[in-house]
Amino acid sequence: MSPLKRLTLAGIALGIIANGALAADLTEPVTPLADWGGLYAGLHAGWGWADVDYSVEEDSDFWRPPQFEGFSNDADGPIAGLQAGFNWQIESIVLGLEADISWAGIDGGFNAVGLPNTNYFFNADSEIDYLASVRARAGLTWDQVLFYATGGIAFTSIDTKIISDWSGNIENYNNSTSHIGWVAGGGVEVKVTNNVTGRLEFLHYEFGEDNFSVDRGYVLEGDVDLDVNVLRAGVNVLF
């Protein structure tokens, strides 16, 4: 057989083998992407840490020694609440909107006894009543796992409770203020079944400076600056 015929037969054989392999590949099942689209709702619980800084106005009617310009409370405690949202999926990209509200037991106090050049005391306790937000989400899926970032507008309320003795008489002051700020974070969500997921996420809240005023005979006025970090786990049902 001539070299040309041998080369021709070899080419035909290779073509048959290649076509067979391609046909085999085309018949192999393709694993579909996990479906994250649609409405969902669920529960979450976790722990929060907060830094609450109060600055007292110099012209406040509330008498204070010159050394007292403000106070700061480090607060922490549990949170628990509900979330609901909607996802849009484009291939492996998932976009969504989510709203949530959490009951918060985050509190902490500041105690000053025998302030410089005084015999008076000042005790203040701050408690965050709730945390709520409306956030956008954007993520990527990998098999049954969704990695996402999130951010949006946040809401909270702080109760400030003060016990003081500036003038020889013990006074009690209570005040509640609402605040609006922003929140950002991220997390990972895993499909446990086709319509049940579990998640772990971290959120950072910033509420900036806002006015506060405590009035009971005297007036304590100033600004409060609040930021909160939250680590929480949750479960969702997809509808």
Side-chain donor-acceptor contacts of residues 34-46 below 3.5 Å, not counting sequence neighbours, with atom names and distances?
residue, atom, partner, partner atom, Å
D35, OD1, G37, N, 3.0
Y40, OH, E98, OE1, 2.5
H44, ND1, Q83, OE1, 2.6
H44, NE2, S102, OG, 2.6
H44, NE2, R232, NH1, 3.3

(message) I need the minimum non-hydrogen distance between A136 and T150, along with the two atoms involved.
(response) O-OG1, 2.8 Å
(message) Test of understanding: with side-chain contact (heavy atoms from CB on, under 4.5 Å), list the residues that count as partners of D227, not counting sequence neighbours.
(response) D51, H204, E206
(message) Which residues end up grouped with I93 if you chain together Ile, Leu, Val, Met, Phe, Trp and Tyr wherever their side-chain heavy atoms are less than 4.5 Å apart?
(response) L95, L140
(message) So which atom in V183 and which in S133 form the shortest heavy-atom distance, rounded to 0.1 Å?
(response) CG1-CB, 3.8 Å
(message) Using a strict threshold of under 4.0 Å (side-chain N to carboxylate O), is an ion pair present between D100 and R135?
(response) yes
(message) Under the rule for side-chain contact (heavy atoms from CB on, under 4.5 Å), what residues qualify as partners of I101, not counting sequence neighbours?
(response) A132
(message) Connecting only ILVMFWY residues whose side-chain heavy atoms lie within less than 4.5 Å of each other, what is the rest of V134's hydrophobic cluster?
(response) Y130, I153, F155, I180
(request) Determine which pairs satisfy ring pair (Phe, Tyr, Trp, His ring centres under 6.0 Å) with at least one residue from residues 83-104, sequence neighbours left out, and list them in order. (result) F86-W88
(message) Can you tell whether the side chains of E189 and R137 come within less than 4.0 Å, N to carboxylate O?
(response) yes
(message) Under a plain distance cut-off of 3.5 Å, with no hydrogens placed, do D159 and S157 share a side-chain donor-acceptor pair?
(response) no
(request) May I ask you to test the V190-T197 pair for a side-chain heavy-atom distance under 4.5 Å? (result) no
(message) I need the I128 CD1 to Y205 OH distance, nearest 0.5 Å.
(response) 10.0 Å
(request) Please say which of D53, V52, T177 ends up in a side chain to side chain contact (heavy atoms under 4.5 Å, CB included) with L226. (result) V52
